2 protein chains.
Amino acid sequence: MKSRSIAVNIGNRTIGGGNPILVQSMAKTDTRDVVSTVNQILRLEEAGCDLVRVAVPDIESAEALSKIKSKIHIPLIADVHFDPLIAMESISQGVDKLRLNPSNIQDEEWIKKIALAAKNRSIPIRVGTNLGSFKKKPDNPVEALVKNALDEIKILESVDFNNIIVSIKTSDAILTVRANEKIAELVRYPLHIGITEAGPKEESLVKSSVGIGCLLMEGIGDTIRYSITADPIEEIKAGITLLRSLRLRKGGLEIVSCPTCGRCEINLFEIVKQVKEEFEEVDIPVRVAIMGCVVNGPGEAADADIGLAGGKKSGVIFRKGKAVRIVKEEHLYSAFRDELKKLIESKK
Amino acid sequence: MKSRSIAVNIGNRTIGGGNPILVQSMAKTDTRDVVSTVNQILRLEEAGCDLVRVAVPDIESAEALSKIKSKIHIPLIADVHFDPLIAMESISQGVDKLRLNPSNIQDEEWIKKIALAAKNRSIPIRVGTNLGSFKKKPDNPVEALVKNALDEIKILESVDFNNIIVSIKTSDAILTVRANEKIAELVRYPLHIGITEAGPKEESLVKSSVGIGCLLMEGIGDTIRYSITADPIEEIKAGITLLRSLRLRKGGLEIVSCPTCGRCEINLFEIVKQVKEEFEEVDIPVRVAIMGCVVNGPGEAADADIGLAGGKKSGVIFRKGKAVRIVKEEHLYSAFRDELKKLIESKK
């Protein structure tokens, strides 16, 4: 299948061109505070973050970038608004990508200088339009967003700069989907997708998953960002879960667990919690089914690498649909953990 | 627009026929324990649950149904597997709907009896096929799921029963979407949609939101259920958030809040948490923007009924895009709360 987007290199990663979809986040620390910023980025790397962005609101922050970059292992993106001098300093500090709104830099001469500097360093620029950036909410927001993105692309193209990534974000899932569907028809630059200001964790997981997920199901989107008002690790976990749910990323623990109901006679919530805590970092593909009863239990468990179905104060442990052990509830988690560990060892 | 589905009545509610999409959940208590079950259902009602299902694994559970029903205010659905006597007892106990897999009852004579009893009471039956119910995973799961659902529908139609709701569920978002797209083309019965065994809270919020959400965006789905291995209240909250995100339900507090970044100089996480805790139950439509800085702040805040944008250890409070007050950080939440309360009062 021909890829919708062209490939763009960012440090040691490639976005678009049919490459795996990358999950990104943004540090929530003061960028001038190198130690805190690096520590947060290292935690993000550990969680599986592919690219990280930092806010660069002033020259001091820009001057911290090379120090930050020297201590991390994933590409570093500078998020710059309004001030061209900060963009220039970020580039000379060696960042791997710039996020810029050419329309809020305004001076065309400066945009040319920034584009030339980025070109000399072979780093891409993400141009992005947010509904929030319009002074007045447009009558047809989808059209206005697409037009604004095209205008920003044109500014860069006019100075012969084509190393571009595009984003259109709003805090509304439907608008974001529609605008991205449209821009995906019109340009072949890789698309960065997400819902902006999606709110607290639960709200964002719902809103972002439907918005980003619908686009990914249509083959639109080359890198994703969950925006969550919480620890950025949550953004990475959600992104990876979404990619796995849509079979766009392999590996890791998948927990298929029932919601429980009146038929469940074991403490399933606790077992699921323990499995999640103990095995969350497994990166080989393991599908684990944890079911409260026989109605859904064995059926789903048959499809899983390993499964557990509750009975009367006891449980059955399955592997590939075959019962391995019947265990009393008080030993259920430890027996299941042993079997799961054995399975993971055998897959290594 | 012509509705995709016909309307089906369930107690005091109507599913399908272009009516608002209903959010449902399932009690996780032992159905025989009337007090616990009623208490959980009353909590679900409070959270906005439209319909509630209970597991009926034995005759004792069935015999508790009329007592439960007499103490709650939303339609009660009996979830019955395997045993036709339990189905018959549930119907005579006065439940508002039956969830049944005709293919796991098997005896056609019994199915006729159950359908006749349901018809006499004018209560619908949901026939549902789950991928987990297949003895062997089919080669083409989408086709097999659709065929199985059509077969179950035919069993009921063959005894002249048409008061039907259909569900096709799997624990895979893509399969569920594809199978529901197909069944939606073939039948006009209302569709109950959800991802089964979607796992712990975060995983389910991601997986269910993309699966259910993509279908709703295509106009498919008349009632939804988030399956989450957690307190069922979480299922209702997620369902309502999803409907609001897709503009399928109005009202309530919408928090648009930024993820924060190096530009944020106030404790935004804490403010968002406080607003959420204090105003979660508001049911008039209020769009609240809580932004860490001026880059996204005023723009998004302009679109919100009320907004807050952080500055240097201070914040600006907006109403409909106009600055109302500038407040020091230590008074920011209390000042914002006062303005929000005033706004809510004025809208009542």
Side-chain angles (χ1 to χ4, degrees), chain A residues 26-31 54-55 57 61 79 81 130 132-134 137 171 173-174 177 196-197 199-200 202-203 205-207 209-210 213-214 217 227-230 232 235 237-238 241-242 245-247 255-264 268-269 272-273 276 289 291 295-296 299-300 303, chain B residues 26-31 54-55 57 61 79 81 130 132-134 137 171 173-174 177 196-197 199-200 202-203 205-207 209-210 213-214 217 227-230 232 235 237-238 241-242 245-247 255-264 268-269 272-273 276 289 291 295-296 299-300 303:
Chain A
M26 190 163 178
K28 303 188 179 189
T29 49
D30 185 330
T31 309
V54 292
S61 299
D79 192 281
H81 291 267
N130 272 24
S133 313
F134 288 88
K137 194 175 175 184
S171 60
I174 298 178
V177 169
T196 50
E197 289 97 34
E202 289 80 1
E203 285 80 349
L205 289 183
V206 170
K207 212 187 220 190
S209 299
V210 60
C214 285
M217 280 191 74
S227 155
I228 306 179
T229 311
E235 301 182 355
K237 283 188 190 173
T241 302
L242 182 66
S245 297
L246 298 177
R247 301 183 214 145
I255 300 178
V256 173
S257 66
C258 84
T260 82
C261 71
R263 286 187 292 262
C264 180
L268 197 87
F269 288 3
V272 168
K273 193 170 155 251
K276 200 175 151 174
M291 302 295 169
V295 169
N296 296 312
E300 290 288 342
D303 190 35
Chain B
M26 191 164 177
K28 302 188 178 189
T29 49
D30 184 330
T31 309
V54 292
S61 298
D79 191 281
H81 290 268
N130 272 24
S133 313
F134 288 88
K137 194 175 175 185
S171 60
I174 297 178
V177 169
T196 49
E197 288 97 34
E202 289 81 1
E203 285 81 348
L205 289 183
V206 171
K207 211 188 220 188
S209 300
V210 60
C214 285
M217 279 191 74
S227 154
I228 306 179
T229 312
E235 301 183 355
K237 284 187 188 173
T241 302
L242 181 66
S245 297
L246 299 178
R247 302 183 214 145
I255 300 179
V256 172
S257 65
C258 84
T260 81
C261 71
R263 286 186 292 264
C264 180
L268 197 87
F269 290 2
V272 169
K273 192 170 156 252
K276 200 176 151 173
M291 303 295 168
V295 170
N296 296 312
E300 291 287 344
D303 189 35

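By convention in this document, chain letters (A, B, ...) are assigned in the order of the sequence lines, proteins followed by strands, and residues within each chain are numbered from 1. Both backbone and side-chain heavy atoms feed into the values below; hydrogens, waters and symmetry mates do not. Given the structure is predicted, the values throughout are model-derived calculations rather than measurements.
- Contacts of A:Lys207 with chain B are made by both backbone and side-chain atoms, with heavy-atom separations under 4.5 Å.
- Smallest separation of non-hydrogen atoms from A:Ser257 and B:Gly199: OG-CA, 3.0 Å.
- Summarising the geometry, atom CD belonging to B:Glu202 is positioned 4.0 Å from atom NZ belonging to A:Lys276; distances are rounded to the nearest 0.5 Å.
- Heavy-atom pairs under 4.5 Å with chain B peak, among A:Thr31, A:Ile174, A:Ile255, at A:Ile174.
- Between chain B and the residues A:Leu242, A:Asp30, A:Val54, A:Leu268, the most heavy-atom pairs under 4.5 angstrom are made by A:Leu242.
- Between chain B and the residues A:Ala238, A:Pro232, A:Ala230, the most heavy-atom pairs under 4.5 angstrom are made by A:Ala230.
- Between chain B and the options A:Ser61, A:Gly213, A:Cys264, A:Cys261, heavy-atom pairs under 4.5 Å are most frequent for A:Cys261.
- Shown here for B:Glu203 and A:Thr241, the closest heavy-atom pair between the two residues is CA-CG2, 4.0 Å.
- Residues forming a side-chain hydrogen bond (donor to acceptor under 3.5 Å, both in side chains) with A:Thr29 (at least two apart in sequence, or on another chain): A:Thr37.
- In this structure, B:Ser227 has no side-chain hydrogen bond (donor to acceptor under 3.5 Å, both in side chains) partners at least two apart in sequence or on a different chain.
- Heavy atoms closer than 4.5 Å to chain B are found in the side chain of A:Val272, but not in its backbone.
- The greatest number of non-hydrogen atom pairs below 4.5 Å with chain B, out of A:Met26, A:Arg247, A:Lys273, is found for A:Arg247.
- Looking only at side-chain heavy atoms (C-beta outward), A:Pro259 and B:Lys28 come within less than 4.5 Å of each other.
- Interface remark: A:Cys214 contributes backbone and side-chain atoms alike to the contact with chain B (heavy atom separation under 4.5 Å).
- In this structure, the side chain of A:Thr229 engages the main chain of B:Cys258 through a donor-acceptor pair within 3.5 Å.
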